[in-house]
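Some notes on the structure that comes next.
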Amino acid sequence: MLSNNVANQMSGSKIVNKSTTHVFLFLEIFLREGGVQSYVKDIFGAYLQLDEVYQADVFILRDSPDCQNPFASEKLQFHYFQNNSLTIGRVKLILSLLWFLWQKKPEHVFCGHVKLAVLTKTLCQLLRIPYTVLIYGKEVWEPLQNQEREALASAAMIWVNSTYTRDRTFAANHLDLNKAQMIPCSIDGNKFTPGPKLPELVDKYGLNNAKVLVTVARLWAGDIYKGVDVTIRALPQILEVFPEVKYLVIGRGDDQPRLAQLAKDLGVSDHVIFAGFVPTEALIFHYRLADAYIMPSQEGFGIVYLEAMACGIPVLSGDDDGSVDPLQNGKLGWRVPHRDAEAVAAACIEILQGNDQRCDGQWLREQALAAFGIENFPQRLQQLLLCSSDLTNN
């Protein structure tokens, strides 16, 4: 809850009377695609829409100046520390950040990953600068190491993208719930829209006259929680009811050979298509191929569910993760035990039969945008920045 001082500031015609400086610190943003990276980009986009007095410097450990960065401006200045030696890159980051904080004395530091929280705590406490830590999902659900837990406990605020991550993380690490501030993921309804299946993509993937299940996920061996293997295991049961089903898997990674072999072993290879990496600008057209978006996963939030729903596509998620927020506890989609292939199959059959309100694409889109439309994101970010300013001034 925002203090009276913050509320009074928001009611005025000007937020503050002088330049407000911030520092953001991240592991990576532009090096690869992902839900966290998309979320951070939404934060940057919203930051650029705020009052002109806001200015920030962004320090990124693993990105390089060669990356495509549409947010670089006078208002958001970026510092990159990618190096063939991670140790050298980290040392350069630490020294540059320490020098910058000592010289500039920013109002607040925002640490974008728990792996950077100990460093942030050390430097900020040394220079008496308040800091906030951003948390997302699985990396903080279990008890953390003592130093990381203390870094979270010492933070002025902890920004969280889902109620599930907040509740599980704070319970596991005995944190003060009063420090939690919610800033959920959002969706751009002008970017993700319903539309017909493009014939050229239907032909490319062999989807003519098919009922299409789609998953968008990294196929890394360390990310089997995404549930692609579970969906493949569910296919034989689904095919008994819908023999024309095809499963389009969008993403790349070192786990693809195992998944392809699993499909072969189950006799469903002809029904599984690995599309590989699809760039963001083409993703919308791939969502539109789907009759259902299926990802029985364990997500910190699951922005892909919002993307699919904004395209009018019914969705299936796991039932023990941050997807409880985008799916509104099952109101907007099917939530099933994330490693239960039979439950996934039963839910997929229900979705493809299309008799549930959650299959109404127009209604689904309206509900998703009403709750998570990106037009509300800048206001929420501004509220949290004002809250951080209030903590600094007091």
Side-chain angles (χ1 to χ4, degrees), residues 1-26 29-30 36-60 68-80 97 100-112 120 124 127-136 155-161 178-191 303 369-394:
M1 185 174 182
L2 299 180
S3 68
N4 290 334
N5 186 29
V6 173
N8 290 337
Q9 290 182 63
M10 290 182 63
S11 65
S13 59
K14 190 81 169 175
I15 298 173
V16 290
N17 294 319
K18 63 178 183 177
S19 178
T20 302
T21 60
H22 301 123
V23 166
F24 289 91
L25 177 61
F26 294 100
I29 301 169
F30 307 105
V36 172
Q37 288 83 358
S38 177
Y39 177 63
V40 172
K41 290 172 185 176
D42 282 346
I43 291 176
F44 289 156
Y47 196 93
L48 290 175
Q49 297 179 50
L50 301 182
D51 189 278
E52 67 274 6
V53 299
Y54 285 111
Q55 296 183 3
D57 284 78
V58 184
F59 290 73
I60 315 175
Q68 294 184 345
N69 179 359
F71 307 102
S73 62
E74 290 186 5
K75 194 168 185 176
L76 279 174
Q77 299 191 33
F78 289 78
H79 310 268
Y80 307 97
L97 182 59
F100 185 92
L101 295 179
W102 180 74
Q103 275 197 318
K104 301 293 185 180
K105 289 294 193 299
E107 183 180 273
H108 206 97
V109 174
F110 297 90
C111 172
T120 302
C124 286
L127 299 171
R128 297 186 178 181
I129 301 172
Y131 68 93
T132 290
V133 180
L134 285 65
I135 60 174
Y136 311 101
M157 292 186 297
I158 301 173
W159 287 5
V160 192
N161 65 344
N178 291 319
K179 292 190 175 186
Q181 294 286 352
M182 296 297 301
I183 181 165
C185 298
S186 62
I187 186 66
D188 186 345
N190 294 318
K191 179 180 178 182
I303 195 170
L369 294 182
F372 299 102
I374 199 167
E375 61 273 6
N376 298 320
F377 200 82
Q379 181 182 5
R380 180 55 181 157
L381 178 63
Q382 180 173 290
Q383 290 175 335
L384 295 187
L385 293 177
L386 285 168
C387 188
S388 69
S389 179
D390 187 56
L391 290 170
T392 301
N393 295 331
N394 290 308

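Note that this is a predicted model, so its numbers are computed, not measured.
Of the possible donor and acceptor atoms, one in the side chain of Tyr47 sits under 3.5 Å from a partner among the backbone N and O of Gln55. Not one N or O on the side chain of Lys41 forms a donor-acceptor pair closer than 3.5 Å with the backbone of Pro70. No donor-acceptor distance shorter than 3.5 angstrom exists from the side chain of Tyr54 to the backbone of His22, with no hydrogens or angles considered.
Rounding to the nearest 0.5 angstrom, the gap separating the CG atom in Leu76 from the CD1 atom in Ile43 is 11.0 Å. For the atom pair CD1 of Ile135 and SG of Cys111, the computed distance is 11.0 Å after rounding to the nearest 0.5 Å. A distance of 15.5 Å separates CH2 in Trp159 from NZ in Lys179, rounded to the nearest 0.5 Å.
With a 4.5 Å cut-off on side-chain heavy atoms, Leu25 and Tyr131 do not count as touching. Side-chain contact between Val23 and Phe59: present, with at least one pair of heavy atoms (C-beta onward) separated by less than 4.5 Å. Within the 4.5 Å cutoff, the side chain of Leu384 has no heavy atoms near those of the Thr132 side chain. With a 4.5 Å cut-off on side-chain heavy atoms, Thr20 and Leu385 do not count as touching. Here the side chains of Ile183 and Tyr39 are in contact, with some heavy-atom distance below 4.5 Å. Contact annotation: the side chain of Gln383 approaches that of Arg380 to within less than 4.5 Å [non-hydrogen atoms, C-beta and beyond].
By the 6.0 Å contact criterion, CD on Gln103 is enclosed, its count of non-hydrogen atoms from other residues, nucleotides or ligands being greater than 12. Under a cut-off of 6.0 angstrom, the local environment of NZ in Lys104 is sparse, with at most 12 non-hydrogen atoms contributed by other residues, nucleotides or ligands.
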*What's the verdict on side chain to side chain contact (heavy atoms under 4.5 Å, CB included) for Ile29 and Phe71, showing C-alpha distance, side-chain angles and the deciding distance?*
CA-CA 11 Å; Ile29 301 169; Phe71 307 102; over 6 Å; no
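In this structure, Phe26 has its ring center closer than 6.0 angstrom to the ring center of Phe44.
Considering every non-hydrogen atom in both Ser186 and Phe377, the closest pair reads OG-CD1, 3.6 Å. Across every non-hydrogen atom of Ala46 and Leu381, the tightest pair is CB-CD2, 3.7 Å. Nearest heavy-atom pair across Glu107 and Pro130 is O-CG, 3.5 Å. Shown here for Ser73 and Leu48, the closest heavy-atom pair between the two residues is OG-CD2, 3.5 Å. Taking every heavy atom of both residues into account, Lys75 and Asp51 meet most closely at NZ-O, 3.1 Å. Heavy atoms only, all atoms of each residue included: Phe372 and Cys185 are closest at CD2-O, 3.5 Å.
Here Thr120 pairs with nothing under the side-chain hydrogen bond (donor to acceptor under 3.5 Å, both in side chains) rule; sequence neighbours left out. Under the rule for a side-chain hydrogen bond (donor to acceptor under 3.5 Å, both in side chains), the partners of Tyr80 that lie at least two apart in sequence or sit in another chain are Asn69.
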